[in-house]
Structure formats: structure tokens, C-alpha cells
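Keep in mind that what you see is a predicted model, and the values were worked out from it rather than measured. Only heavy atoms go into these numbers, but all of them, side chains included; no hydrogens, no water, no symmetry mates.
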Amino acid sequence: NSVAYFNNKGFHSVAAYLNAANNARLRKSVQGARNMAKYGITTYSHPIRGSASQVTGQSLVQHISDYSLALLMLTVVTFVPTSTIVYLIQERTNEEKLVQRTFGVGPFTYWTASLIWDTFISIVFLALSSIIIQLFQVRSYTARSNFFASILLMFIFCMTSNAFIYLAEKAFTEPSMGQIILLTSFIFTGLFFLII
């Protein structure tokens, strides 16, 4: 008796491992021959094609997994710009801009510094995200040229969200309420566009 362990995820693996086990049996039975490697069984395997329901089931599971991962990444990416609104609302309600203007910080300097800071925070976040994505080899994000496109899409999302947050911060007086409302609105908007 012999046992052959095989990976049942590959349709061809049953035939390949069974052939290897039969070759081992054959070579054991011709042990007295001069060249045992000359004896062997050649097997040609045409993998069984899955039925339409199997392919649809595998495809559906992959799509659900991809959408779940995209929703998770969307949730993570929205935290970066929405955390900015807390400081912006506090800055406005505590009249810190007035103090800055008093000491000579003009609008051009203020907005340039804000743009540089927001870009820097987004780049640091994207660098960490890209390292994690590459470490885990998330196939949805690393297959073919998806990696650079995904990172570019996340960067554009961060920058446009930051611009929207500077516009929306005037509507809120409570920093935590502004962060929660904008966070949920970004997530639901992203979920809507993810579905369609």
C-alpha cells in the first residue's frame, strides 16, 4: 500500500501525484535492472474544467473579497483627510488665524504651508500603505500595473478630500462632529461609487 498526498486545489494534481506514486512502484519492482531511471510511465493530463457554477462561485467569492478589501482601504484612506478637520475647526473657533495674521502670516504663506503639510502627510501615509500592500502581496493591488495605479488613485483621493475639507470646515463648530460626518459621508460616497 502507498499513500500520495496532493494539493486538491489544482485540477491536474491528482493525476500528477498518482503518476509519481506509480513511477516509484514501477522503479521499485525493476530494482535489479541496470538503469532504473530508464523505466517510467509518462502521463498526459488535461485538467478538468470547472462547470459554469464552479467558475461563477469562485469568481463571486473573488469579487466579494476584492470589494471588501476596497471598502476597507477606502475607510482607511478617509481617515487621513478627515483627521485634518479637527485642527481646522479648532483653529477657526479659537481664532488662531487672527493670531497668525497679526504676526504677519499672509494668505499665500498660510495656504502654501497647508498644501505642503497635507501633501507630506498623504505621502507618508501612502508610503506606509504601499509597503504593507507589497509585504502582503495583495493581488488586487499588486497584479500587473495595478500597484502604481492604486497608489496614484489613493493620492488623488487624499488631495481632493483635503481640498473639500477646507471648504466644508466652515459648516461645523464641533471638531468631532465634523470629523464623523465627513468620514461617514466619504465612506458612503465611496461605497456608492464602488457599487456602480
Side-chain angles (χ1 to χ4, degrees), residues 7-11 13 49-93 96-97 110-196:
N7 182 357
N8 61 356
K9 290 184 181 172
F11 292 123
S13 60
R49 291 197 170 94
S51 65
S53 64
Q54 284 177 321
V55 172
T56 305
Q58 291 170 352
S59 168
L60 181 65
V61 169
Q62 184 64 38
H63 284 306
I64 290 172
S65 173
D66 290 345
Y67 281 123
S68 300
L69 187 60
L71 183 60
L72 180 66
M73 286 300 291
L74 172 71
T75 305
V76 171
V77 170
T78 56
F79 273 106
V80 175
T82 55
S83 62
T84 313
I85 198 166
V86 173
Y87 301 108
L88 293 175
I89 293 172
Q90 285 177 346
E91 184 180 62
R92 184 174 43 84
T93 56
E96 292 173 15
K97 256 189 202 174
Y110 174 80
W111 289 110
T112 304
S114 295
L115 177 67
I116 291 170
W117 178 252
D118 292 340
T119 305
F120 174 74
I121 293 296
S122 297
I123 288 172
V124 168
F125 166 74
L126 290 173
L128 291 173
S129 298
S130 63
I131 290 170
I132 291 171
I133 289 170
Q134 285 295 334
L135 280 176
F136 287 103
Q137 285 296 306
V138 181
R139 202 173 150 222
S140 303
Y141 294 102
T142 59
R144 297 185 301 272
S145 59
N146 289 357
F147 178 69
F148 295 110
S150 299
I151 296 299
L152 179 65
L153 186 65
M154 285 189 251
F155 178 73
I156 291 171
F157 178 81
C158 285
M159 296 311 290
T160 55
S161 299
N162 280 329
F164 180 74
I165 284 192
Y166 280 98
L167 292 173
E169 63 97 9
K170 303 256 188 299
F172 303 102
T173 55
E174 185 64 36
S176 59
M177 183 63 76
Q179 183 181 17
I180 290 172
I181 288 175
L182 285 176
L183 180 71
T184 54
S185 66
F186 282 162
I187 290 173
F188 283 124
T189 304
L191 182 63
F192 173 74
F193 284 113
L194 193 64
I195 291 172
I196 60 167

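- Of all non-hydrogen atoms in Leu126 and Ile151, the two that sit nearest each other are CD1-O, 4.0 Å.
- Taking CG from Leu88 and OG1 from Thr84, the interatomic distance works out to 6.5 Å, rounded to the nearest 0.5 Å.
- Crowding of Trp117 atom CH2: a count of heavy atoms from other residues, nucleotides or ligands under 6.0 Å not exceeding 12.
- Side-chain contact between Arg139 and Asn146 is absent, with no heavy-atom pair separated by less than 4.5 Å.
- Annotation for Tyr110: atom OH counts as buried by contact number, over 12 foreign heavy atoms lying within 6.0 Å.
- One N or O on the side chain of Ser185 and one on the backbone of Leu182 form a donor-acceptor pair closer than 3.5 Å.
- A donor-acceptor pair under 3.5 Å links the side-chain atoms of Asn162 to the main chain of Cys158, judged by distance alone.
- In this structure, Phe157 and Thr78 have side chains that are in contact, with non-hydrogen atoms separated by less than 4.5 Å.
- Checking Val76, Val80, Ile133, Leu74 one by one against Met154, the side chain to side chain contact (heavy atoms under 4.5 Å, CB included) holds for a single residue, Ile133.
- For the residue pair Thr184 and Ile181, the shortest heavy atom distance occurs at OG1-O, 3.0 Å.
- Rounded to the nearest 0.5 angstrom, Lys97 NZ and Arg92 CZ are separated by 8.5 Å.
- In this structure, Pro81 and Ser161 approach most closely via the heavy-atom pair CG-CB, 3.5 Å.
- Across all non-hydrogen atoms, the minimal contact from Gly178 to Ile85 is C-CG2, 4.1 Å.
- Closest non-hydrogen pair, Ser83 versus Gln179, comes out as CA-NE2, 3.8 Å.
- Rounding to the nearest 0.5 angstrom, the gap separating the OG atom in Ser176 from the CD1 atom in Ile89 is 8.5 Å.
- More than 12 non-hydrogen atoms from other residues, nucleotides or ligands lie less than 6.0 angstrom from CZ of Phe125.
- To the nearest 0.5 Å, atom OH of residue Tyr141 and atom CG of residue Asp66 are 8.0 Å apart.
- Rounding to the nearest 0.5 Å places CZ of Phe155 at 15.0 Å from OG of Ser150.
- Within the model, atoms CD1 of Ile180 and CD of Glu174 stand 9.5 Å from one another, a figure rounded to the nearest 0.5 Å.
- Closest approach of Leu194 to Ala70, counting heavy atoms only: CD1-CB, 3.9 Å.
- For residues 124-138, the side chain to side chain donor-acceptor pair (under 3.5 Å) pairs, not counting sequence neighbours, are Gln134-Gln137.
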